[in-house]
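Submitted below is the structure of interest, expressed as structure tokens.
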Amino acid sequence: VCGAAEAPAATSPLFVNGYTVLVRQGPTLRPSSSGSMMSETQTLESAQPITYTIGYAPDDGYAIVEGLVLDPEVAVIEARFDNDLVLQDAAEQDRFAIVAAGASKLCDLRVLGSNQQPIGEPLVSNDCGPSL
């Protein structure tokens, strides 16, 4: 956790995560690149259905959103990135992670129920073009 002790109470802690990208070659995996990624934990009202962290690895062109599911009604988390990639992850075991290759910004984030209908308003809605 970077700067958490010095950060004002209203500021979310900033995390630096390391990562390695692996490529399958036959039955084995080999590293193709590695680096670090900055992420910021989002502080949400207690009534929100999930908590989440958004991370970016601009040098390698990856964006990630991951977190915990707090509401049992949540079945799917859906994210749209600045490269128009829309990805979903099932809310299994109260956790989720969505990684978008070639993206540099999370544009929209919303949660869906088992009927594939949105639960509440989008949690993230950045200006990246047309929204979900």
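What you see is a predicted model; the values in this text were computed from it and never measured.
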Hey, are the side chains of Val65 and Ile77 touching, using non-hydrogen atoms and a 4.5 Å cut-off? no

Gln25: side chain to side chain contact (heavy atoms under 4.5 Å, CB included) partners, not counting sequence neighbours: Thr28, Arg30

Output a table of donor-acceptor pairs, distance under 3.5 Å, between side-chain atoms of residues 111-122 and any protein atom two or more places apart or on a different chain; print 'none' if there are none.
unit_1 : atom_1 : unit_2 : atom_2 : d
Asn115 : OD1    : Gln117 : N      : 3.0

Would you check if Thr51 and Leu70 make a side-chain contact, meaning some heavy-atom pair closer than 4.5 Å? yes

Do Val23 and Leu29 touch side chain to side chain, with heavy atoms closer than 4.5 Å? no

Stepwise side chain to side chain contact (heavy atoms under 4.5 Å, CB included) check, Val124 with Tyr52: CA-CA 10 Å; Val124 172; Tyr52 60 94; 3.3 Å; yes

Running the 4.5 Å side-chain criterion over Ile, Leu, Val, Met, Phe, Trp and Tyr, what cluster does Leu68 land in, apart from itself? none

Tyr62 side chain to Gly55 main-chain N or O, any donor-acceptor pair under 3.5 Å? no

To check you understand the geometry: which heavy-atom pair defines the closest contact between Leu106 and Ala79, and what is its length? CD1-CB, 3.7 Å

Within-4.5 Å side-chain heavy-atom neighbours: Pro49 and Val74: yes

Hydrophobic clusters here meaning ILVMFWY residues chained together by side-chain heavy-atom distances under 4.5 Å, can you tell me if Phe81 and Tyr56 are in one? yes

Residues 85-105, side-chain donor-acceptor partners within the protein, below 3.5 Å, at least two apart:
unit_1 : atom_1 : unit_2 : atom_2 : d
Gln88  : NE2    : Glu78  : OE2    : 2.5
Asp89  : OD2    : Ala97  : N      : 2.9
Ser104 : OG     : Asp82  : OD2    : 2.5

